[in-house]
2 protein chains.
Amino acid sequence: MQISSRFTLAIHIFACINTFEDEYKVTSDFLAESTNVNPVIIRKILGQLKGAGLINVARGTGGASVAKPLNQITFLDVYRAVDCVENGNLFHFHENPSTNCPVGRNIHHILDDKLVRVQAAMENELASITLEDLKRDTEKYLLQEKEAAQGK
Amino acid sequence: MQISSRFTLAIHIFACINTFEDEYKVTSDFLAESTNVNPVIIRKILGQLKGAGLINVARGTGGASVAKPLNQITFLDVYRAVDCVENGNLFHFHENPSTNCPVGRNIHHILDDKLVRVQAAMENELASITLEDLKRDTEKYLLQEKEAAQGK
DNA sequence: CTGGTTGTAACAAAGAAGATTACAACAAAT
DNA sequence: ATTTGTTGTAATCTTCTTTGTTACAACCAG
């Protein structure tokens with residue numbers, strides 16, 4: 001199985017906030033339209049991002065905004081906030097290896113540190129990308145699109 | 001969601017082959033007992049490992065053995081063989097982002113290269129671990145267990 | 001107080017993983 | 001040639017997870 005789409009959705013949400021917050025109020029309905037995902041799902045994700053202190057959202061008034069400087073939020077922060085993998089473990093283990101078998105009862109001893117290394121490599125890379133990078137690249141591609149439309 | 005337990009199962013299978021092949025015939029029933037997973041599931045995984053040229057298994061005769069030198073099989077080979085993530089993509093994308101929204105229709109341009117980097121970091125780490133490492137550590141932990149039992 | 005919004009509960013729908021049963025294909029031993 | 005033990009695979013079931021959907025209370029601003 002893959003990592004939940006909540007992660008790419010959350011990034012999409014930040015890209016929208018960065019791009020549109022001066023122009024529109026970025027509500028769950030607005031985001032639902034852009035992502036083509038149900039507004040309740042969006043609100044759940046917004047709630048998780050808010051819980052992690054990454055964005056501000058409020059009842060009544062509505063509209064999401066980023067809560068910290070963009071270069072201080074990494075993809076890893078977002079990944080952790082939306083709780084993509086169970087218990088934070090990337091790898092799923094078969095549940096009850098036999099305690100009668102020497103390999104079965106030691107498989108975690110044998111394997112866990114290796115899986116931790118793999119997961120750490122992935123998370124380090126996530127930590128190296130910030131929302132500032134995201135904003136810069138979003139602007140780049142939107143500008144390219146605009147220029148292409150003008151036939152340059 | 002997490003990465004399918006087929007991966008940890010496949011590693012468990014190799015640990016069993018390494019440990020027991022001189023003593024027992026390592027059949028799908030044997031492995032089902034050690035992993036506590038249904039033999040049909042084991043046979044499916046054995047089939048994938050065989051398809052990737054990592055092990056030998058045959059009808060009738062039965063019993064799995066490793067097809068290549070242990071230091072020439074990496075965790076990445078195993079990971080790829082058992083097809084853990086759809087289309088080889090670690091991240092799941094929301095399916096139909098709006099083409100009306102500038103962000104929606106560019107989200108893949110913006111994001112794909114970053115996700116590729118993250119995935120590559122993880123796969124490089126997987127590639128750095130071999131079945132030889134697995135065998136060495138398996139022997140280490142089984143020996144530790146034996147010594148502990150003798151009260152050393 | 002009205003309108004628009006979030007937060008959340010409850011349930012439905014869809015999809016995927018793994019379990020299970022059943023059986024044909026096959027090889028080796030006798 | 002038959003028996004035995006095994007793999008390969010189809011078909012179906014159960015369970016779990018994700019996502020969608022409906023509904024509505026809580027809330028804020030004008």
Side-chain angles (χ1 to χ4, degrees), chain A residues 1-10 12-13 16-17 21 24-33 35-52 55-65 67 82-87 89-97, chain B residues 1-10 12-13 16-17 20-21 24-33 35-52 55-65 67 82-87 89 91-97:
Chain A
M1 275 299 283
Q2 299 171 296
I3 290 171
S4 167
S5 62
R6 274 200 304 280
F7 175 66
T8 52
L9 277 170
H12 187 141
I13 287 170
C16 280
I17 296 175
E21 69 180 342
Y24 307 103
K25 181 155 71 165
V26 182
T27 66
S28 61
D29 271 18
F30 180 97
L31 292 165
E33 160 66 23
T35 57
N36 202 27
V37 159
N38 193 283
V40 177
I41 306 294
I42 300 291
R43 292 208 278 274
K44 165 131 198 251
I45 295 172
L46 290 176
Q48 291 177 307
L49 296 175
K50 182 184 181 179
I55 65 172
N56 301 310
V57 209
R59 280 192 175 173
T61 163
S65 61
V82 296
D83 204 21
C84 289
V85 297
E86 230 165 310
N87 286 66
N89 292 318
L90 183 57
F91 293 94
H92 181 29
F93 240 100
H94 44 299
E95 312 263 288
N96 299 301
Chain B
M1 274 300 282
Q2 298 171 295
I3 290 171
S4 166
S5 62
R6 273 199 304 281
F7 175 65
T8 51
L9 277 171
H12 188 142
I13 286 170
C16 280
I17 296 175
F20 299 117
E21 68 179 342
Y24 307 103
K25 182 156 71 166
V26 182
T27 67
S28 61
D29 271 19
F30 181 98
L31 293 164
E33 161 64 25
T35 56
N36 202 28
V37 159
N38 193 282
V40 177
I41 307 295
I42 300 291
R43 292 207 279 273
K44 165 132 197 250
I45 295 171
L46 289 176
Q48 291 177 307
L49 296 174
K50 182 184 181 180
I55 64 172
N56 301 310
V57 210
R59 280 193 173 172
T61 163
S65 61
V82 296
D83 204 22
C84 289
V85 297
E86 230 163 310
N87 287 66
N89 292 318
F91 293 95
H92 181 29
F93 239 100
H94 44 298
E95 313 263 288
N96 300 301

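The sequence lines fix the lettering, A, B, ..., with proteins before strands; numbering per chain opens at 1.
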Sorted by chain and number, sequence neighbours left out, side chain to side chain donor-acceptor pair (under 3.5 Å) with B/R43 holds for B/S28
Reported CD-to-CG distance for the pair A/E33 and A/L31, which is rounded to 0.5 angstrom
10.5 Å
Do you know which two heavy atoms are closest between A/I17 and A/S65, and how far apart they sit?
CG2-CA, 4.1 Å
Residue set satisfying side chain to side chain contact (heavy atoms under 4.5 Å, CB included) with B/S4, at least two apart, ordered chain then number -> B/R6
Check: protein-nucleotides 9-19 of chain C nitrogen or oxygen pairs below 3.5 Å:
from, atom 1, to, atom 2, distance (Å)
C/dG18, OP1, B/S5, OG, 2.5

By ring pair (Phe, Tyr, Trp, His ring centres under 6.0 Å) - contacts of B/F93 (at least two apart)
B/H108
By side chain to side chain contact (heavy atoms under 4.5 Å, CB included) - contacts of A/K25 (at least two apart):
A/T27
Could you work out, with side chain to side chain contact (heavy atoms under 4.5 Å, CB included) as the rule, every residue matching B/L9, not counting sequence neighbours?
A/H94, B/S5, B/T35, B/V37, B/I45
Under the ring pair (Phe, Tyr, Trp, His ring centres under 6.0 Å) test, which residues partner A/F30, sequence neighbours left out?
A/F20, A/Y24
Spacing of B/R43 atom CZ relative to C/dA22 atom C1', expressed in whole Å:
11 Å
For A/F91 and B/I3, which heavy atoms make the closest approach, and how far apart are they?
CE2-CD1, 3.9 Å
Using whole Å, report how far CD of A/Q48 lies from P of C/dT8.
11 Å
Check side chain to side chain contact (heavy atoms under 4.5 Å, CB included) between A/D83 and all other residues, then give those that pass, not counting sequence neighbours.
A/Q48
Which is the 5'-most and which the 3'-most nucleotide of DNA chain D that has an atom under 4.0 Å from a heavy atom of chain A?
D/dT17 to D/dC28
Scan residues 58-65 of chain A against DNA chain C and write down, sorted by residue number, each residue with any heavy atom closer than 4.0 Å; if none is found, say none.
A/A58, A/R59, A/G60, A/G62, A/G63
